[in-house]
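To keep things clear, I will list the structure first and then write my remarks on it.
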There are 2 protein chains.
Amino acid sequence: MSEPKVTIADVAREAGVSKGLVSFALNDRPGVSAESRVRILEIAERLGWTPSLRARSLSTRRSFALGLVIARDPEVLGSDPFFPSFIAGVETVLAPQGLALVLSVVPDEKTEMRTYRSLVSDGRVDGVFLSDLRHNDPRIPLLQELGLPAVTLGRPDTESPFPCISVDDTPGVAETVRYLVSLGHRRIAHVAGSPALLHGSRRRAAFDTALREAGLPAGQSIETDFSVAAGADAARRLLTQDSPPTAIVFANDPMAIAGLGVAHELGLRVPDDVSITGFDDIDFTRYVYPALTTVRTAPSDWGRAAGRTLLDLMALGTAPDVDLPAGRLVIRGSAGTPLRP
Amino acid sequence: MSEPKVTIADVAREAGVSKGLVSFALNDRPGVSAESRVRILEIAERLGWTPSLRARSLSTRRSFALGLVIARDPEVLGSDPFFPSFIAGVETVLAPQGLALVLSVVPDEKTEMRTYRSLVSDGRVDGVFLSDLRHNDPRIPLLQELGLPAVTLGRPDTESPFPCISVDDTPGVAETVRYLVSLGHRRIAHVAGSPALLHGSRRRAAFDTALREAGLPAGQSIETDFSVAAGADAARRLLTQDSPPTAIVFANDPMAIAGLGVAHELGLRVPDDVSITGFDDIDFTRYVYPALTTVRTAPSDWGRAAGRTLLDLMALGTAPDVDLPAGRLVIRGSAGTPLRP
DNA sequence: AGGTTTGCCTAAACCGGTTCAGAAGACTCG
DNA sequence: CGAGTCTTCTGAACCGGTTTAGGCAAACCT
């Protein structure tokens, strides 16, 4: 079956030159005559030579792979389409370069730190993506100490030596709130994501600011862990109290969809009795009823940008931050004029 | 920062023995006196030696990584929580062994085949998981030819040299149909998954059989690609025709949730006017309205079983098939007695 | 002319492990 | 006591590339 792998030594012998020269020719580096170069390439081709990643790894001390460590409760992970799309985006830039993606899904943050350490000490990856950025993220100093190139998904709130790919969630949240206000809403609540996560607390801050700018009093906010279950709980709490909000801004779509379910269950009409908005514009949003008004983000663009930036960083030693265009509000049916403001 | 990596040569020098002996001691293989062994281990420990995966890879011709290639439209991938959970399950068995998971998300089947080839020729992985099994799956002969250990997720419909992890979907579908019939439904339709995918066509066959066994005439089936959008389209077609079905069995939850949305949009009451059931019991099902009656499956158990089986296969050269317990129907509110049978 | 540079190439070391042939010493056995 | 066997260990080859030091000849000075 597996015909004996042909090595550069075979090519060298066939071409009557030294191993070193073959290596030079193959990597087209100077110091090889044009004539020899084509002959060597031709012979390598004819012999069906393919480079041995393992040998190359050993001598160049690179692994030709990038890492992504995801620390999330599998439950939360499942309902969040961010990662599949993000990964698909990353792959579009890695694959052409012959780089692989090493994925780790770990249950908690402690394991996460250990995982980074072992990825490095095993030399498994040449760089990593840092997602779900947290406040004062301990992974940044860790990776700095480990000397591993990294790209952060989101702008860290601490000093960071790494380039970041970020998108400002503020405009999307602000647009949402303005839209709701323009429809006549005055009691607007927010179901926030995890306050430990930067995008969670930033969306919340954006919400607070937007209310203030609309001249409204501070609204209710409930913190969650971004999970569908927590979103449902929060919605229930908000909607079963006295004088419930007429609109709820959810920090992500899965929670908003759960909110829709809760509203229906409570016999409330959406958007007549309560308006609901989401964030991310996942696949589902178009197909729930009423279709979800939400802010569109583009996870696969993140993936592409992150991949490119990490490649640049590794090749050039430095890479600029990337600011992705802010998400725009997509208006569908789940938000409307309140029946009883 | 990065202190010069300590190698077995350092340990050997320090212990006053040869490199070979150190290697033997470290891998605890016979031929080392108990005395030397502990001394070498002690010194390795003291020096902070850690094995170089790269060097080991080169000399043992193994990569200590397993591969998963996912060929799916990113859109479909995003709404399907199978893979995140599956991967989390796989990781629980890989991580303790120091194995990594190499993930590839590719857009189409052609790229998929190329990806397998390059994973092998690069020696990136020691084995792979074969998911989304198709009829007459070309990946099986390919992997056989490439000599790569593999585990199939689902039982292939062709001769296969690989162990498979499978679960029989028939009981779940049958239970669903029986339940609907017991509620009084007579016109039951099916929104099937992709006929190219084994689990798609098997669920459909199970549906047909179940109807027959209930003494009902063949029901309507619509084929889809498992995507939310296709599910919504199918639901719309089914529900807008003359004498629409009173119940729709969807081949997965995302489509069922879309079906729920379509029903609402058409002004139909669920379950009074139409009952809807899903398959998989994803996170969302509990939180849509009405909560989805569906069949529970356990993707992370698949992951664990697949991981263990692949490890066994690689270690022992053979591993038995695993039959996972069939999914049971989870009764919630989306299916009920038809108002107008 | 002699010395320096340049272009092309080779040999060998190196990356950090594993593995194998065989040496040296201790032990067994007839 | 000498041959044979075990155990323990060494040295070197090996995995398949990259990289460096240096050799040799032709071209380039002045």
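Reminder, nothing fancy here: chain letters follow the sequence lines and each chain counts from 1.
For B:Arg37 against B:Phe24, the heavy-atom pair with the smallest separation is NH1-O, 4.1 Å. Taking each heavy atom of A:Leu103 and B:Glu91 in turn, the nearest pair found is O-OE2, 2.7 Å. The minimum heavy-atom distance between A:Arg134 and A:Asp157, with the atom names listed, is O-OD1, 4.1 Å. Residues A:Leu313 and A:Ala150 approach most closely at CD2-O, 3.3 Å, considering heavy atoms. Nearest heavy-atom pair, B:Ser166 versus B:Arg155, reported as atom, atom and distance to 0.1 Å: OG-NH2, 3.1 Å. Nearest approach of B:Val6 to B:Asp10, heavy atoms of both residues: CA-OD2, 3.3 Å.
Look at A:Arg29 and you'll find a side-chain N or O under 4.0 angstrom from OP1 or OP2 of D:dT19. Between B:Ser33 and the phosphate of D:dC9, there is a side-chain N or O to OP1/OP2 separation shorter than 4.0 Å. Of the side-chain N and O atoms in A:Ser23, one or more sit less than 4.0 angstrom from OP1 or OP2 of D:dT18. Phosphate contact (OP1/OP2 of C:dT19, side-chain N/O of B:Ser59, threshold under 4.0 Å): absent. In this structure, A:Arg61 reaches the C:dG16 phosphate: one of its side-chain N or O atoms is under 4.0 Å from OP1 or OP2.
To the nearest angstrom, C1' of C:dT19 lies 11 Å from CG of B:Asn27. Spacing between atom CD of A:Glu35 and atom P of C:dG7 amounts to 17 Å, rounded to whole angstrom units. B:Phe64 has its CZ atom 12 Å from the P atom of C:dG17, to the nearest Å. Rounded to whole angstrom, the span from the CZ atom of B:Arg62 across to the P atom of C:dG16 amounts to 20 Å. Distance CG (B:Leu26) to P (C:dT18): 7 Å, rounded to an integer number of Å.
With values rounded to the nearest 0.5 angstrom, B:Met113 atom CE is found 12.5 Å from B:Ser118 atom OG. The line from CG of A:Leu68 to OG of A:Ser104 is 8.5 Å long, rounded to the nearest 0.5 Å.
Heavy-atom distances to DNA chain D give each of B:Thr60 and B:Ser36 a nearest nucleotide, and the one nearer the 5′ end belongs to B:Ser36.
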Salt bridge (Lys or Arg N to Asp or Glu O under 4.0 Å) between B:Lys110 and B:Asp108, intermediate numbers included: CA-CA 6 Å; B:Lys110 198 146 168 193; B:Asp108 55 68; over 6 Å; no
Intermediate values then yes/no, side-chain hydrogen bond (donor to acceptor under 3.5 Å, both in side chains), A:Ser63 and A:Asp126: CA-CA 6 Å; A:Ser63 54; A:Asp126 301 327; 2.9 Å; yes
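Between D:dT10, D:dT20, C:dT18, one nucleotide has an atom nearer to the side chain of A:Phe24 than all others, and that is D:dT20. When the nucleotides C:dC9, C:dT18, D:dC15 are ranked by their closest atom to the side chain of B:Leu58, D:dC15 comes out on top.
Residues from residues 49-57 of chain A with heavy atoms under 4.0 angstrom of DNA chain C: there are none. Only at 4.0 angstrom or more do the heavy atoms of residues 118-127 of chain B sit from any atom of DNA chain C, so none qualifies. Residues of residues 8-19 of chain A that place a heavy atom closer than 4.0 Å to DNA chain C, in numerical order, are A:Gly16, A:Val17, A:Ser18.
Looking at A:Ser59, its side chain does come within 3.5 Å of a backbone N or O of A:Ala55 through a donor-acceptor pair.
Classified by interplanar angle (parallel below 30°, tilted 30° to 60°, perpendicular above 60°), the ring pair B:Phe86/B:Phe83 is perpendicular.
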